[in-house]
2 protein chains.
Amino acid sequence: MIALYLQPNSFKLESRRDIFQAIADPTRRAIITLIALQAMTPNAIAEHFDTSRQAVSKHLRILSECELISQKQKGREIYYQLELNKMKEIDKWLNQFRKIWETKFNQLDTVLANLKNKKK
Amino acid sequence: MIALYLQPNSFKLESRRDIFQAIADPTRRAIITLIALQAMTPNAIAEHFDTSRQAVSKHLRILSECELISQKQKGREIYYQLELNKMKEIDKWLNQFRKIWETKFNQLDTVLANLKNKKK
DNA sequence: ATATAATGCAATCATTTGGTTTCGCAAAAT
DNA sequence: ATTTTGCGAAACCAAATGATTGCATTATAT
């Protein structure tokens with residue numbers, strides 16, 4: 001070991017990943033959809049895309065890192081499956097806005113109700 | 001049966017920006033939350049962050065490009081406001097998974113109900 | 001035991017991203 | 001009329017991203 005070797009050449013800080021960054025990529029979103037109902041192996045997944053198996057493997061790693069998917073080893077095959085609970089976190093984030101758009105909808109409701117009453 | 005919903009309806013022609021790429025950046029998500037309830041000017045928004053006004057301006061442009069926000073000129077000030085309808089597209093995409101996790105929840109319900117019956 | 005299949009990892013590369021700095025232009029204030 | 005304010009656009013730069021290629025490793029098949 002060399003003590004003064006501060007950082008490896010290809011030092012990539014891939015730790016700041018979060019679900020939002022993960023779903024930003026269209027291929028990753030497609031993968032998510034693909035395995036939503038049924039766990040799949042990397043090879044099987046890669047067959048659905050126009051990129052190399054290794055590229056898909058990288059996407060799977062990124063999705064794994066933020067725990068949007070999990071894996072189950074079966075012999076030499078690895079089945080990747082979607083972690084729905086993690087998907088719910090996106091939903092959670094959306095919730096703050098859902099509150100707003102539902103409120104706006106209710107306000108419209110009120111307006112309509114008032115109009116109706118005035119007609120009487 | 002749950003249909004595959006790979007991409008939201010609206011597509012950007014000029015750039016490959018989409019809502020998912022837009023919300024991938026934490027600063028942009030913060031901006032979205034910030035102006036959700038009240039339209040704000042770029043300067044006012046920038047005061048909330050540790051970056052330059054110009055950087056915020058860039059974020060606003062990206063958010064505008066994918067129509068997540070809109071602007072209203074008032075003299076020399078520009079008020080940016082959130083487009084909730086566009087936010088709903090994220091919700092729409094999530095919907096396919098919501099169906100699944102609700103189904104799984106129902107299945108769990110059934111299991112619990114069966115256990116309860118067996119106890120009797 | 002050896003070959004093959006399924007997979008992950010590292011190096012490399014072009015492109016994209018997010019930031020800064022500098023500038024230009026209107027609207028408002030002086 | 002001149003200065004200040006609010007803003008976007010362009011040029012530039014370091015870092016991150018997504019893809020490819022070339023391995024290494026382990027499980028299965030022959």
Side-chain angles (χ1 to χ4, degrees), chain A residues 2 5-32 34-35 39-81, chain B residues 12-32 34-35 39-81:
Chain A
I2 302 165
Y5 197 60
L6 291 178
Q7 277 187 352
N9 264 350
S10 67
F11 179 73
K12 282 202 174 166
L13 180 59
E14 315 214 21
S15 52
R16 207 151 51 84
R17 296 211 190 282
D18 60 35
I19 26 175
F20 294 100
Q21 195 266 344
I23 64 166
D25 183 83
T27 304
R28 284 197 288 270
R29 284 202 302 283
I31 291 176
I32 287 176
L34 196 58
I35 66 173
M40 288 176 75
T41 66
N43 269 328
I45 295 169
E47 276 172 16
H48 287 76
F49 299 98
D50 203 21
T51 62
S52 66
R53 181 190 57 74
Q54 285 93 334
V56 169
S57 188
K58 261 186 156 187
H59 285 305
L60 291 173
R61 190 161 69 85
I62 289 168
L63 291 169
S64 291
E65 272 173 11
C66 65
E67 290 170 305
L68 269 172
I69 64 176
S70 63
Q71 38 187 302
K72 267 183 200 166
Q73 190 105 24
K74 264 198 177 180
R76 68 180 161 183
E77 291 182 326
I78 300 176
Y79 285 84
Y80 284 90
Q81 68 174 60
Chain B
K12 287 280 94 185
L13 293 172
E14 259 199 340
S15 66
R16 61 189 67 159
R17 292 205 195 289
D18 60 34
I19 28 175
F20 295 99
Q21 194 266 343
I23 64 166
D25 183 83
T27 303
R28 285 198 288 270
R29 283 202 303 282
I31 290 176
I32 286 176
L34 197 57
I35 66 172
M40 288 176 75
T41 66
N43 268 327
I45 295 169
E47 276 173 15
H48 288 76
F49 299 98
D50 204 19
T51 62
S52 67
R53 178 188 59 77
Q54 286 90 337
V56 169
S57 189
K58 263 185 152 188
H59 284 306
L60 291 173
R61 189 160 69 84
I62 289 168
L63 291 170
S64 292
E65 272 173 9
C66 65
E67 293 169 305
L68 268 172
I69 64 176
S70 62
Q71 38 188 302
K72 269 183 199 164
Q73 189 104 24
K74 266 199 176 179
R76 69 180 160 183
E77 290 183 328
I78 300 175
Y79 285 85
Y80 285 89
Q81 68 176 59

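Proteins get letters first, then strands, A, B, ... in listed order; numbering begins at 1 in each. Note that the structure is predicted; figures quoted are calculated from it, not measured.
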Report summary line: Those residues at least two apart in sequence (or on a different chain) that pass side-chain contact (heavy atoms from CB on, under 4.5 Å) with A24(A) are A24(B)

Would you give me the side-chain donor-acceptor pairs under 3.5 Å for residues 44-54 of chain A, sequence neighbours excluded?
| unit_1 | atom_1 | unit_2 | atom_2 | d |
| --- | --- | --- | --- | --- |
| H48(A) | ND1 | A44(A) | O | 3.0 |
| S52(A) | OG | A55(A) | N | 3.1 |

Report summary line: Whole-Å distance, M40(A) CE to dT7(C) C1', equals 15 Å

Query - Strand-adjacent residues in residues 66-79 of chain A, judged by heavy atoms under 4.0 Å from DNA chain D - result: G75(A), R76(A)

Requested in this report: Ignoring hydrogens and angles, tell me if any N or O in the side chain of R28(A) forms a donor-acceptor pair with the backbone of H59(A) under 3.5 Å.
Outcome: no

Query - For atom CG of D50(A) and atom C1' of dT20(D), their distance in whole Å - result: 13 Å

Query raised in the report: So, Q73(A) side chain and G75(A) main chain: donor-acceptor pair closer than 3.5 Å or not?
Result: yes

Query raised in the report: Can you name the residues that form a ring-ring contact (aromatic ring centres under 6.0 Å, His included) with F20(A), not counting sequence neighbours?
Result: W93(A)

Query raised in the report: Can you check whether S52(B) has a side-chain N or O nearer than 4.0 Å to OP1 or OP2 of dG19(C)?
Result: no

Query raised in the report: By a strict heavy-atom criterion of less than 4.0 Å, which residues belonging to residues 53-63 of chain B are in contact with DNA chain D?
Result: R53(B), Q54(B), S57(B), R61(B)

Query raised in the report: Please give, in whole Å, the distance from dT15(C) P to Q21(B) CD?
Result: 18 Å

Report task. Could you check if a side-chain atom of P42(A) sits within less than 4.5 angstrom of a side-chain atom of Y80(A), using non-hydrogen atoms only? Result -> yes

Requested in this report: Identify, with sequence neighbours excluded, every residue that meets side-chain contact (heavy atoms from CB on, under 4.5 Å) alongside S57(A).
Outcome: none

Query - pair M40(A)-I35(A): side-chain heavy atoms closer than 4.5 Å - result: yes

**Report entry** Contact list for residues 68-78 of chain B, test salt bridge (charged side-chain N to carboxylate O under 4.0 Å, His left out), sequence neighbours left out
**Finding:** none

Query raised in the report: Atom CD1 in I62(B), atom CG in D25(B): separation rounded to 0.5 Å?
Result: 7.5 Å

Query raised in the report: Rounded to the nearest Å, what distance is computed from the CZ atom of residue F20(A) to the P atom of nucleotide dA16(D)?
Result: 21 Å

Report task. Identify, residue by residue, the members of residues 41-48 of chain A with a heavy atom below 4.0 Å from DNA chain D, and return them in order of residue number, or none. Result -> none

Report summary line: By side-chain contact (heavy atoms from CB on, under 4.5 Å), I19(A) pairs with (sequence neighbours left out) C66(A), L68(A), K86(A), E89(A), I90(A)

